[in-house]
Asker: 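One structure, pasted below without further comment.
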Amino acid sequence: MFTGLIEHLGTVSAIHRDDGGCTLTISQSAPILVDCHVGDSIAVNGACLTVIEFDTERDGGYFKIWLANETLSRTDLGDRKVGDQVNLERAMGAHVRFGGHFVQAHVDTTATILRRALDGDSLRLWFQLPEPTPERPSLLPYIIPKGYVAIDGASLTITSVDDAERTFGVMLIQHTQQKITLGRKVNGERVNIEVDMVGKYVEKSVLAALEGGGGEAMRKCVERIVEETLVKKGILSE
């Protein structure tokens, strides 16, 4: 489990690919390796990955991670080049304050940066999600204004949503721009998206209730709420 509060920016120093996936070496990462062990989880651009090798001193502190083909297909990590910076966060400790939101670091999909605009010292960004497929349904039901989303692992507040265009926006304050990679990305680049997992659980529970033995009671409850709302709006008479 992670919080979406990025701890450090590491630098991709080596990439080794084969048919089975890819090994990334992330250097200049000593601050997050002080309590590291082989087998630990580190979120890299929002993807939970396992440390397979590390050294706290060499190359400013480096660690290696293995990316399976599933990870490469779901994330933007296959786009990374040597020299690129990446967002890093260690798994959340039980003793720390929980300042972001519940982030699993299980990336759902990637989105594309559509445009950027300065707003005083802040930066507004808009993203477009890919067209849904049977294998990867739309994520828009889980993206709501003033809700939260993890973008490249950073917990951010959603400022706008356009379901018809499959787009949504966020704003980065000046401090956040300096602490994560997103503010340096340009139009057309991909970012990793993880939506609210709580929303997924709620949806599944409601659907299960509607389809299961409790469906009739749930349906009557919904009908009553809709009827009361229509009465209040004057659309339906009592």
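As the structure is a prediction and not an experimental result, all values here were calculated from the model.
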Asker: Are Phe127 and Met171 connected in a single hydrophobic cluster, I mean Ile/Leu/Val/Met/Phe/Trp/Tyr linked by side-chain heavy atoms less than 4.5 Å apart?
Answerer: no
Asker: What's the spacing between Thr11 OG1 and Arg80 CZ if we round to 0.5 Å?
Answerer: 12.5 Å
Asker: First locate atom CG of Leu140, then atom OG1 of Thr167, and finally report the distance between them rounded to the nearest 0.5 Å.
Answerer: 8.0 Å
Asker: With a 4.5 Å cut-off on side-chain heavy atoms, are His106 and Met197 touching?
Answerer: no
Asker: Report the C-alpha separation of Ile42 and Ile65 in whole Å, then their side-chain angles, then the decisive distance to 0.1 Å, and conclude whether the side-chain contact (heavy atoms from CB on, under 4.5 Å) test is met.
Answerer: CA-CA 9 Å; Ile42 295 178; Ile65 49 177; 5.8 Å; no
Asker: Answer yes if Ile193 and Trp126 sit in the same cluster of Ile, Leu, Val, Met, Phe, Trp and Tyr residues linked by side chain heavy atoms under 4.5 Å apart, and no otherwise.
Answerer: no
Asker: Between His8 (side chain only) and Ile6 (backbone N and O only), is there a donor and an acceptor less than 3.5 Å apart?
Answerer: no
Asker: Any side-chain heavy-atom pair from Arg166 and Pro132 closer than 4.5 angstrom?
Answerer: yes
Asker: I'd like to check Val44 versus Leu88 (side-chain heavy atoms, cut-off strictly below 4.5 Å). Are they in contact?
Answerer: yes
Asker: Could you tell me which non-hydrogen atom of Phe54 sits nearest to which non-hydrogen atom of Cys36, and how far apart they are?
Answerer: CZ-O, 3.2 Å
Asker: Got a second to check how far Ile180's CD1 is from Asn87's CG, nearest 0.5 Å?
Answerer: 6.0 Å
Asker: Should Glu227 and Glu223 count as side-chain neighbours, where that means a heavy-atom distance under 4.5 Å?
Answerer: no
Asker: Of all heavy-atom pairs between Phe63 and Ser29, which one has the smallest distance, and what is that distance?
Answerer: CE2-OG, 3.8 Å
Asker: With a sphere of 6.0 Å drawn around NZ of Lys185, does it hold more than 12 non-hydrogen atoms of other residues, nucleotides or ligands?
Answerer: yes
Asker: Step by step, work out the side-chain contact (heavy atoms from CB on, under 4.5 Å) result for Arg74 and Arg136.
Answerer: CA-CA 10 Å; Arg74 286 272 183 178; Arg136 297 184 184 179; 3.5 Å; yes
Asker: Could you tell me whether the side chain of Thr56 reaches within less than 4.5 Å of the side chain of Val34, counting heavy atoms only?
Answerer: no
Asker: Indicate yes or no: at least one non-hydrogen side-chain atom of Leu118 is less than 4.5 angstrom from one of Leu123.
Answerer: yes
Asker: Output yes when a side-chain donor or acceptor of Thr159 lies under 3.5 Å from a complementary backbone atom of Gly169, and no otherwise.
Answerer: yes
Asker: Donor-acceptor pair, Glu7 side chain versus Pro31 backbone, under 3.5 Å?
Answerer: no
Asker: Starting from Leu129, can I reach Leu125 by hopping between I/L/V/M/F/W/Y residues whose side chains sit under 4.5 Å apart?
Answerer: yes
Asker: Before you tell me yes or no, could you show the steps for Asp196 and Tyr148 under side-chain contact (heavy atoms from CB on, under 4.5 Å), namely the whole-Å CA-CA distance, both residues' side-chain angles and the distance that decides it to 0.1 Å?
Answerer: CA-CA 7 Å; Asp196 176 16; Tyr148 45 73; 3.6 Å; yes
Asker: Might you point out which heavy atoms bring Ile32 and Arg90 nearest each other, and give the distance in Å?
Answerer: O-CD, 3.2 Å
Asker: Got a second to check how far Ile143's CD1 is from Asp163's CG, nearest 0.5 Å?
Answerer: 9.0 Å
Asker: Restricting to non-hydrogen atoms, name the atom on Glu89 and the atom on Gly4 that form the minimum distance, rounded to 0.1 Å.
Answerer: OE1-N, 3.1 Å
Asker: Step by step, work out the side-chain contact (heavy atoms from CB on, under 4.5 Å) result for Ile151 and Phe168.
Answerer: CA-CA 12 Å; Ile151 302 180; Phe168 67 94; 4.0 Å; yes
Asker: Has Gln28 got a side-chain atom pairing as donor or acceptor with Asp59's backbone, closer than 3.5 angstrom?
Answerer: yes
Asker: Linking I/L/V/M/F/W/Y whenever any side-chain heavy atoms sit under 4.5 Å apart, do Leu49 and Leu33 land together?
Answerer: yes
Asker: Among Thr110, Asp76, Asp152, Thr109, find the one that has a side chain to side chain donor-acceptor pair (under 3.5 Å) with Arg190.
Answerer: Thr110
Asker: Ignoring hydrogens, what is the shortest heavy-atom contact between Val195 and Lys200? Give both atom names and the distance.
Answerer: CG2-CE, 3.5 Å
Asker: With rounding to the nearest 0.5 Å, note down the distance linking CD in Glu228 to CD1 in Ile225.
Answerer: 7.5 Å
Asker: Judged by atom type as modelled, is there a donor-acceptor pair below 3.5 Å linking the side chain of Gln128 to the main-chain atoms of Glu165?
Answerer: yes
Asker: Taking C-beta and beyond as the side chain, do Leu182 and Leu172 meet within less than 4.5 Å on heavy atoms?
Answerer: yes
Asker: How many angstroms lie between OG in Ser73 and CG in Leu67, if you round to the nearest 0.5 Å?
Answerer: 11.0 Å
Asker: Sub-3.5 Å donor-acceptor pair from the side chain of Asn192 to the main-chain atoms of Ala105, do we have one?
Answerer: no
Asker: Please report the shortest heavy-atom distance between Glu194 and Val149, naming the atom on each side.
Answerer: O-CG2, 3.6 Å
Asker: Is any side-chain heavy atom of Lys146 closer than 4.5 Å to a side-chain heavy atom of Thr157?
Answerer: yes
Asker: Answer with yes or no whether the hydrophobic clustering places Ile26 together with Leu72; edges join I, L, V, M, F, W, Y residues whose side-chain heavy atoms lie under 4.5 Å apart.
Answerer: yes
